[in-house]
Structure formats: C-alpha cells, structure tokens
Amino acid sequence: MQVSSVDAAGNGGTRRGAAVLLEILRSEGVEYIFGNPGTTELPLMDALLEVQDVRYILGLQEASVVAMADGYAQAARKPGFLNLHTAGGLGHGMGNLLNASVSQTPLVVTAGQQDSRHTISDPLLFGDLVQIARPAVKWAQEVAHADQLPVLMRRAFHDSMAAPTGPVFLSLPMDVMEEMSSVDIGTPSVINRNAVAGGLDQLAETLAAISPGRLAIIAGDEVYASDAAAEVAAAAECLGAPVYGSSWPSRVPFPTAHPLWCGNLPTQATAIAERLSDYDAIFALGGKSLITILYTEGPAVPPGCAVYQMSSDVKDLGRTFYTPLSVVGDIKASLSALLPLLQAATAGRQAAYAANAATVAQQRRTLRAEAIQEAQSRQNEAVIPPRVAAWEAVRAIGPDVAIVDEAIATSSDVRLFLESSWSGQYSFLRGGALGWGMPAAVGASLGLGRDRVVSLVGDGAALYSPQALWTAAHEKLPVTFVVMNNREYNVLKNFMRQQKDYISARDGTYPAMDIVDPTIDYQAMARSMGVPSCQVTRAADIAPAIEASLASGGPSLVEIMIAAG
C-alpha cells in the first residue's frame, strides 16, 4: 500500500486515484459509502484503510445498496453516495435506481469499471456502464483520468441537488483508481438554490380572489425537499384551505396532526376529479402530485378547476394541465415571500376563511374517528383485518419514530391514522418497483443519526431485498421490520377485481398471485441474518410486539398475519 503525503491545504501529494476520490468525498461531507465490493472496487477498498471518517456500509446485493443510499439521502436531506460493481452490479441495482429517479432522490452513483487498458479484448465483467445507467439518471459519464476526478465528482454532487433533484452516474475504471495523481481537489462550491419566484404579487391577488372554501392546496414531495412544511401550514391557515398530499407520494411532507391536513389523494383520475370537484382551484406545491395507476376515462382535474403551481422545476409547470398562472422558485423561500402579500390580500375575509378551516378540521376529525372506531370494533376477528393491523401499528409507533412504508395492503390506512406534528415522519415507495422499503429503512436510520425507524413491508416486497436484515444486524441499527403477511399479491388481485371483463373478476382465480405451497418462513429468514423475530396472529399482540422491538435498541422483525384486503 502506498502512503501518500499531504500538503498544507489538506490535499494529498502524489497518490492513487482512489485516494483522490476519498479526499473529495470527505470535503463534500460524505459520511457513508453504500456498496458491495468486487474486483474493480479493490483500489477503493484498500484506500479506505487510511480514512477514518468515511464508513463503508456493506449491502449483500446491489438492489439493497441503492435503496439504502436512497433512504439515507431522503432522511439526511443531502446526496447519498454509492459504489456498485461493474455491469452486473449496476444491473442488479437498476430497479431501485429507477425508484430513486422517480422519487427525485439526490444520489451520486458510481460503479467500478474494468481496467480500460484491456477493454478492447472484451474482458470478464466489462460493459458499457454509461449506456446501462443513462435511462435511470440525470446524466452518466466515465472518468478517463484520475486528474478528472475533482471536476466530475463535484459536478455530480452539484447536479444531483439541482432541480429537478435526482441520481447522477460516474463509471470508475480500475486503472483510473490505481493511477497516480498530484491533482489539487480544490474546495466545494457554495451554491444558494433558494430562488424566490417572480409574479408573487399577482399570485397572491389571484389566490385571494377565490371564494373561501373553494381552494385546495396540494403539498407535493418537493415540500419535504424544501423543508417548507411550516410555510405551507401558514399559507393554508391564511386561506382556510384544506391540504392534500400527492396521490402516490414519496413523502407525507405536512404534519398529519394539523387540523387542515386531509390525507392523500386517490390514485385514479376519476376518483381524484371527484375529490377535487368541490373546488374552483388547486394550488399545487411541487410537481407530479396527481400520479395515476390504472387508466380511467377523463382527466384528474375536473372541468372548471383552475391549476396554480409553484415548483423549482420549470418543466413541471403546465406539464399536463393548463395553468393560468404558475411560478418557478424554491418552495420555502417563495412561500416566505408570498405570505405577507397573501395576508394583505385576504385581510378583509379572515372570518370566512376561519369558518371554512373549522369545517375542514371537523370533517377530518370525523373521518379519522370513524376509521378508528371501525378498527377497534374488528379487533377480535379470527384473522387480523388490514385496517386493524394499520391502526395497531401506528398506535404503537407513535408520532416521533420514522416510518418507511412498502406495505401496500395497509399503506392507505396507515396514512389515514397518522397523527404527528413531525412532517418528516413518513416515506413511501413512489417509484413502484418492489424491494425498496427494507433497505431504505436501514439507510434512513443512518441518515437520522442511527435513530429508530420502522419498516412496514408487505410479504411479497420483503422477498426482494431481505439482505437489508443482515446490514441492520451488522450495523446494530434500531430498525423494526414489520412484515404485513397476507400470503398473496393482494394489490394485484384488487386491481383485477376492478376490471369487470377479466375472467379473474368473475371466477376469483388469480394465477401466480399467491405466496403459498410452500409458505415463506420469515422468522427463520430473519434469524438466519442475525435478527430476532416473532409472529403475531392476534390484534391485541401487535402493539406490544412493536413496542418491545422499539425498546430493544436493535433490529428485529415482527410478522403480522393479516387477512386478504
């Protein structure tokens, strides 16, 4: 191993490319490298022996590695850094890399590449990594020389955070990591992205002209990224307006205990349009808030409902629906500037706004109370209903523990029962590719300073990235994995039931949608990776099991046997 000299500025003298890379990561504030090493990563692994403040987090499969970095980046609110292994490893990680792209998670993704000096002979493990990665990232490039590392790595960190945020990719050939270099890494640039939108005076007058009770606010994922929950709440209170979440969210970016919180929108266009039919306008904060799944005839925004938007990504404005006025800017900074204008424009109508706010709050309390009453009335059913499992789990978790949710059978009920003043409590699988939730919870714990996290995961989804259990045990992280087990792909069956012309909808036969014969032993799987586990078959035992896990200070798995939805 070569021991490099270090100059007065903190840059190494002549040293390998891998050491240059680590110097850059340290200067960018990187705490963790998420990865699964192979031969092309050996120079980096060797260089890590000389670095004390960058920790390597080992995942046992690249899909888990990507999701761990995703969960970390979301929780820590800064780019996650990961290192994959050649074409095969990048291929393994592509599903969760697509999830990160859809969720607009800032990631700096790297992969070890074969030594470029013999790629002409088609060596083992060689592939066109740039072309493989390109569909899932903002841009992709291969580093040709160690001296290029400072510019390209800093560009990657900058661009991952530029609107729209998302993953970027760099291919790192083995010879570049071994190449000797005396390059100066420089220092990180300071970039203030808190741009205030223009046209706010016109927007304030426009929103104030809408009759009290006829405007709805949609708090999209960008509200979380901008840390703007307080500003959204202030705008909603000023306008007496209900606040909805995205139809298929990455985050619930608004405090669920707030009286104006009305939950997430449904996932079909007709159902969204019905929910919005009581409003003359919507004020959408952040883009892509009206994501639909199955096709239904008609648009998500009903006729006569005007769309006003605010986003840092200009491409999201007017993308699908006509907007009479939308503005480009950072949501937190722009709402801070909008609020005094809005307060002045609405000064004469505050009594009407307050009356509408009281009505919205009462409706929310009634809806939630009815759902809780139903859950409590079904406590003693032979097999635990999904709504009961959701209520008992949320009750046990409480308002202060982060939730990473990939349990589709219970997710809508979990969001209904949330009651927290913390706008960062809940995250969800926005990308739709299974295998994100368990490793994302591991990353989220690291991003929150190794704090407690609950991973809610369906039994099918738990089989995509179970390697996360090992990493949680290896790192001794306080992650509680709650497997909602109905032994089937219930969400698919429900979708098929909605298609009246399907044979399955008529005779109740669903090919390849049951996880039985044999059933999966999740207890044994958890124990094999060093994670204590238990199985719950009675509703009354759910809360004690989750509470005991949270109190243990380490990882554990709680399997809850639930009925088909």
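The residues of the chain are indexed from 1 along the displayed sequence. The structure presented is a predicted model; accordingly, all values stated were derived computationally and were not measured.
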Do [X] and [Y] come within less than 4.5 Å of each other through their side chains, counting heavy atoms only?
X    : Y    : value
R134 : F169 : no
Y510 : L492 : no
E222 : L285 : no
M310 : F283 : yes
V388 : E381 : no
W248 : N264 : no
P532 : S549 : no
M561 : V383 : no

Does [X] use its side chain to pair, donor to acceptor, with the backbone of [Y] at less than 3.5 Å?
X    : Y    : value
Y522 : S533 : no
N486 : A564 : no
K78  : V30  : no
S427 : S250 : no
Q523 : C534 : yes
E41  : G38  : yes
T471 : A468 : no
S420 : P399 : yes
S445 : D451 : yes
S465 : G435 : yes

Within this structure, what is the [atom1]-[atom2] distance for the pair [X] and [Y], rounded to the nearest 0.5 Å?
X    : Y    : atom1 : atom2 : value
Y56  : I33  : OH    : CD1   : 7.5 Å
R430 : D221 : CZ    : CG    : 4.5 Å
I282 : S289 : CD1   : OG    : 8.0 Å
R497 : N494 : CZ    : CG    : 5.0 Å
T537 : I562 : OG1   : CD1   : 13.5 Å
L557 : R527 : CG    : CZ    : 10.0 Å

More than 12 heavy atoms of other groups within 6.0 Å of [X] [atom1]:
X    : atom1 : result
R487 : CZ    : no
N380 : CG    : no
Q499 : CD    : yes
I293 : CD1   : yes
R193 : CZ    : yes

[X] and [Y]: which non-hydrogen atoms are nearest, and at how many Å?
X    : Y    : result
R364 : W261 : CD-O, 3.2 Å
L550 : I397 : CD1-CA, 4.2 Å
P79  : A73  : C-CB, 4.2 Å
P167 : A136 : CG-O, 3.6 Å
N36  : H85  : O-CB, 3.8 Å
I291 : S247 : O-OG, 2.5 Å

*Do K288 and D316 sit within salt-bridge range, that is, some charged N less than 4.0 Å from a carboxylate O?*
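Answer for the salt bridge query: yes.
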*asked:* Can you tell whether the side chains of D514 and K493 come within less than 4.0 Å, N to carboxylate O?
replied: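 Between K493 and D514 there is a salt bridge, with a charged N closer than 4.0 Å to a carboxylate O.
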*Begin with the C-alpha distance, continue with both residues' side-chain angles, and end with the deciding distance and a verdict on side chain to side chain contact (heavy atoms under 4.5 Å, CB included) for L265 and L276.*
CA-CA 9 Å; L265 292 166; L276 298 179; 4.3 Å; yes
*Would you call the rings of F34 and Y72 parallel, tilted or perpendicular if under 30° counts as parallel and over 60° as perpendicular?*
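It falls in the tilted class, 30° to 60°.
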_Is the distance between the ring centroids of Y464 and W436 under 6.0 Å?_
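Ring-ring flag for W436/Y464: false, centres at least 6.0 Å apart.
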*Partners passing side chain to side chain donor-acceptor pair (under 3.5 Å) against R77 (at least two apart in sequence or in another chain)*: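 Partners of R77 by the side chain to side chain donor-acceptor pair (under 3.5 Å) criterion come out as none, since no residue qualifies.
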*Would you check, one step at a time, whether the test side chain to side chain contact (heavy atoms under 4.5 Å, CB included) holds for I560 with D541?*
CA-CA 9 Å; I560 303 175; D541 296 331; over 6 Å; no
*Evaluate the criterion salt bridge (charged side-chain N to carboxylate O under 4.0 Å, His left out) for residue pair R450 and E475; output intermediate values, then yes/no.*
CA-CA 9 Å; R450 296 177 174 260; E475 294 291 333; 3.0 Å; yes
Quick one: do the [X] and [Y] side chains pair a donor with an acceptor below 3.5 Å?
X    : Y    : answer
D70  : T105 : yes
Q104 : T165 : no
Q363 : T359 : no
Q268 : T296 : no
E392 : Q379 : yes

*All pairs passing salt bridge (charged side-chain N to carboxylate O under 4.0 Å, His left out) where residues 458-467 contributes a residue, at least two apart*: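 Every candidate salt bridge (charged side-chain N to carboxylate O under 4.0 Å, His left out) pair involving residues 458-467 fails, so no pair, neighbours aside, qualifies.
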*Evaluate the criterion side chain to side chain donor-acceptor pair (under 3.5 Å) for residue pair S64 and Q467; output intermediate values, then yes/no.*
CA-CA 7 Å; S64 291; Q467 302 88 352; 3.3 Å; yes
*Kindly determine whether E488 and N490 satisfy side chain to side chain donor-acceptor pair (under 3.5 Å), including the steps that lead there.*
CA-CA 5 Å; E488 64 179 19; N490 179 255; 2.8 Å; yes
*When you look at L90 and L97, which way does the side chain to side chain contact (heavy atoms under 4.5 Å, CB included) test go after all the steps?*
CA-CA 9 Å; L90 178 57; L97 191 53; 4.2 Å; yes
*Report the C-alpha separation of I372 and F417 in whole Å, then their side-chain angles, then the decisive distance to 0.1 Å, and conclude whether the side chain to side chain contact (heavy atoms under 4.5 Å, CB included) test is met.*
CA-CA 8 Å; I372 292 172; F417 292 132; 3.8 Å; yes
*Between S312 and D330, is a side chain to side chain donor-acceptor pair (under 3.5 Å) present by the stated rule, with each step listed?*
CA-CA 5 Å; S312 60; D330 174 75; over 6 Å; no
